[in-house]
Each structure stands twice: as structure tokens, then as C-alpha cells.
**Q** 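Quick one: the structure is below, and I'll ask about it shortly.
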Amino acid sequence: MPAVSVQAEPFDVAAEMAQLAGSRTDIGAIASFIGLCRADDGLAGMTLEHWPGVTERAISAIVQDALARFPLTGCRVIHRYGPMRPGDGIVLVLAASAHRAAALEAVGFLMDWLKTKAPFWKREDFHDGSHRWVEAKADDDAAAARWTPG
Amino acid sequence: MPAVSVQAEPFDVAAEMAQLAGSRTDIGAIASFIGLCRADDGLAGMTLEHWPGVTERAISAIVQDALARFPLTGCRVIHRYGPMRPGDGIVLVLAASAHRAAALEAVGFLMDWLKTKAPFWKREDFHDGSHRWVEAKADDDAAAARWTPG
Amino acid sequence: MQILYFAWLRQRTGIAEETVSPPPEVTTVGGLMGWLATRGPGHAAAFANPGLIRAAVDQDICGPDRPLGSAREVAFFPPVTGG
Amino acid sequence: MQILYFAWLRQRTGIAEETVSPPPEVTTVGGLMGWLATRGPGHAAAFANPGLIRAAVDQDICGPDRPLGSAREVAFFPPVTGG
């Protein structure tokens with residue numbers, strides 16, 4: 001099981017959790033995050049563009065960083081690309097650890113860096129056929145910056 | 001669907017996530033935490049004791065606090081009691097929100113307060129038939145205290 | 001007055017609950033603990049270190065100075081360890 | 001030299017990639033952006049606001065001052081919005 005998948009297909013949270021836990025008995029905590037497509041005013045869905053190859057490597061680097069920073073027994077990131085409908089899962093992050101703080105913090109860390117470092121671009125697709133590229137948020141940069149000392 | 005269940009039976013994470021999301025399309029984030037029974041040195045399992053009625057009310061009060069503090073579309077807490085084997089899920093916390101920070105923080109908040117406020121007592125059961133009641137951790141009090149201003 | 005015991009208090013006393021009628025000079029939760037400790041060796045072991053014990057009067061968590069008043073139920077338990 | 005466009009840069013230029021041979025006076029990523037902007041109205045629209053554009057030379061993210069050197073691939077894209 002690779003730690004990172006970039007795929008068009010939906011993901012199965014329960015199957016991914018079971019894979020991450022396997023038959024290990026040293027895991028005390030599994031934290032997870034799922035990012036979903038919302039139906040904000042008039043939104044029919046979203047389309048995610050990525051940079052094949054480079055996106056996978058960028059996420060793998062973030063995962064390595066998380067594994068170095070937190071005492072994890074494992075983690076898993078699945079990020080989808082292509083068209084999404086409201087309610088669809090876009091991203092799944094799982095982190096397992098002996099203790100809860102490491103698992104929860106690792107998930108926050110992975111999400112903050114995914115938002116600011118992984119080459120994905122979201123396009124909002126409206127019911128009237130128009131489109132709008134989502135703009136990056138200063139909030140997201142601030143969230144990622146809190147993991148950088150100083 | 002009540003927000004809180006205290007039960008002997010295992011829980012189904014995927015079913016609980018699906019229930020929490022329902023057919024809503026205003027949820028952008030679902031964060032979760034699962035606490036599992038570990039097999040630390042010689043541990044055959046754990047037994048959780050609780051105070052029927054009072055435990056449910058204590059958790060409901062913590063959930064109300066989380067709903068007042070974070071902009072959530074919903075949350076769900078399932079805490080089991082009785083005998084657990086290594087690998088078994090003991091507690092499940094889910095929080096859904098339009099945005100990721102609220103969902104992740106609410107899960108951390110709920111776990112910190114469950115650890116320090118909900119009347120559960122864990123007994124470690126060893127392979128040699130001996131038992132040991134788990135002692136409360138100062139760490140857990142400190143984790144809960146970070147949510148209290150001042 | 002109904003007394004409830006949880007976790008190692010239940011294990012040491014050997015009972016989950018009992019009905020008691022403490023004498024009138026027992027007026028606080030702390031006083032009740034001292035009086036219960038005299039009911040037998042299991043009770044003495046359970047209440048040997050009152051600093052490790054939490055209490056609730058009629059399901060309201062309180063310290064040892066809490067007056068018993070007309071309490072119907074007093075519960076004794078260690079600090080919680082769930083989650 | 002291979003040029004890649006993502007998101008609204010791809011949409012405005014109308015192409016995902018193209019092969020170009022910039023003149024020798026184009027020596028930096030910023031210079032390349034200015035030169036690419038002259039290739040047509042779509043390119044001009046795409047590069048109208050260079051401050052909104054991120055670049056990567058041979059898949060290494062960089063600022064506009066980065067020398068092109070012997071770069072084989074330069075990618076242009078908006079700030080990322082995944083997660």
C-alpha cells in the first residue's frame with residue numbers, strides 16, 4: 001500500500017482505515033480528514049486539475065515530512081482529480097499513532113501543506129455553464145506557516 | 001440519530017460518516033478520531049467501566065459545548081464500555097463543518113474533554129490473569145486546559 | 001443514603017453499591033469517606049488514600065468539603081480514564 | 001524548450017503545452033513570461049498579471065529571477081488550491 005494516491009476514482013474510507021491498521025496492535029489512535037465538494041450558491045460541481053507525476057512527488061514529500069515530525073505508525077493521503085459533484089469526497093488524509101495528539105496533529109499538518117504545496121487547481125462549475133477558478137486563500141498560507149518555527 | 005451513544009457494541013465508522021453527511025451539500029470537511037485498544041506489554045485487553053446515564057449526560061454536555069464553540073453542521077460521539085481486545089475501537093468522534101479548521105479543532109476539543117470529564121474507567125487485563133486500573137494522566141488535564149481561556 | 005463505588009473502589013470494597021445510615025456527626029463528603037473506611041478491611045483499603053478519590057453528590061461532582069445535606073446518593077470513583 | 005500551462009493559464013492560452021525557442025536575450029523566467037505574452041492575444045491575457053503566476057523550471061518551483069540556463073521544461077500556473 002503506497003502512502004500516497006492521486007486518482008480520479010472515489011475512495012473508500014473504511015477500507016483505507018482497515019489497510020492502515022492492518023493487524024497491528026500498537027495503534028492507539030487513527031485520525032482522519034475528508035474534504036468534500038460543497039454546493040455553494042449555484043455550484044453544480046468542481047473540476048480539479050493536477051500535474052501528473054509532480055503532484056504525487058509533492059504529496060510524498062509532505063508525507064515524509066509528517067513521518068519525520070510526528071511519531072506515526074503510518075499515514076495515507078488520497079487526493080482525487082477530475083470532475084466532482086457536491087457531496088463527493090475530494091481528499092482523504094489518515095494518520096495512525098500510538099497516541100492521539102500525534103495522529104490529530106499530523107492530519108492538520110498534512111492538510112495545511114496539501115492546501116499550499118500540492119499542485120492542484122480547483123475550478124468551480126456553475127449550473128449556468130460558467131466556470132470560475134478558485135483563488136488561493138491567505139488563510140491557507142497562514143495555517144501552513146504555523147508549522148514553521150520562528 | 002442522537003449525537004451521543006454509549007454502547008457495548010462495536011461501531012461502523014463508514015456508516016456513521018454517511019449518517020452525519022446525509023444528503024447535505026454544505027459540508028466541506030469531516031474530521032474523525034478513533035481510539036483503539038493497544039496490546040502494550042503482555043496486555044490481553046482492556047475493560048471499560050462507566051456510570052450508566054451519567055456518562056451519556058456528561059458526553060452530551062461536552063457535545064453541546066463543542067457545538068456552541070465551533071461552526072459545525074453536526075457531530076457524533078460513540079464511546080464503548082465492557083471488554084475490548086487489542087485492535088478494537090473504543091471511541092469514535094466525528095465532526096462535520098463547512099471548513100476544515102472547525103472540524104479538526106472540534107475533534108481535538110471533544111477528545112480532550114472526553115478524556116477528562118466523561119465517567120469511564122479503564123482496566124488493563126493481562127495474559128497472566130492480573131488486572132491494573134489505568135491512572136489518569138496529567139497530560140490529559142493539560143490538553144483539556146488549553147481550551148480554557150486565561 | 002445510597003453509596004456507589006466505581007473502578008478500584010468497587011473492586012476493593014467488593015460492592016458496587018450499598019445503602020447506609022451514617023450518624024449525624026457525618027456532615028460532609030470527606031467525613032462520609034472517613035466513616036465508610038471503618039466499615040471493614042475492604043472499605044479501609046478503598047479509602048486509604050482519599051486524595052485519589054473523586055466524589056459526586058446526587059450526580060454532581062464535588063470536593064470533600066461538600067455538605068451532605070439531604071443527599072440521596074453519593075458516588076466515589078477514581079479520576080476518569082476514558083477516551 | 002517545453003512550456004506547460006495549468007488552470008487559467010491553460011484556459012487563456014488555449015493550450016496545455018507548446019515547444020518554443022526563445023531568443024538569446026530571454027535569460028530568466030520573468031523574461032520568458034514577457035516574451036511568451038507577445039505570442040498572441042490569448043498569451044497576452046494569460047500573462048497580463050505576472051504577480052499572480054507561479055513557475056517551475058524542470059519541475060523546481062522558482063521566482064521570476066531564476067535564470068533559464070539549459071532548462072528543458074518551464075511550467076506556469078496559479079497558486080495551488082487543492083486539499
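All of these numbers come straight from a predicted model, not from anything done at the bench. Lettering follows sequence order; numbering is per chain, from 1. Keep in mind that the numbers below use all heavy atoms, side chains included, and drop hydrogens, waters and symmetry copies.
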**Q** For chain A, which candidate among B/Asp139, B/Val107, B/Ile90, B/Leu104 shows the most heavy-atom pairs at distances under 4.5 Å?
**A** B/Leu104
**Q** For chain A, which residues of residues 111-131 of chain B have at least one non-hydrogen atom nearer than 4.5 Å to it?
**A** B/Met111, B/Asp112, B/Lys115
**Q** Do you know which of B/Ala103, B/Ala98, B/Pro86, B/Gly87 has the most heavy-atom pairs with chain A at a distance under 4.5 angstrom?
**A** B/Ala98
**Q** With a 4.5 angstrom heavy-atom cut-off, which part of A/Ala143 approaches chain B: side chain, backbone, both or neither?
**A** side chain
**Q** Please examine the side chains of B/Arg100 and A/Asp140, heavy atoms only from C-beta on, and report whether any two atoms are closer than 4.5 Å.
**A** yes
**Q** Counting only heavy atoms not in B/Gln7, do more than 12 fall under 6.0 Å of its CD?
**A** yes
**Q** Does anything in residues 25-49 of chain B reach chain A? List residues with heavy atoms under 4.5 Å apart, or say none.
**A** B/Thr25, B/Asp26, B/Ile27, B/Gly28, B/Ala29, B/Ile30, B/Ala31, B/Ser32, B/Phe33, B/Ile34, B/Gly35, B/Leu36, B/Cys37, B/Arg38, B/Ala39
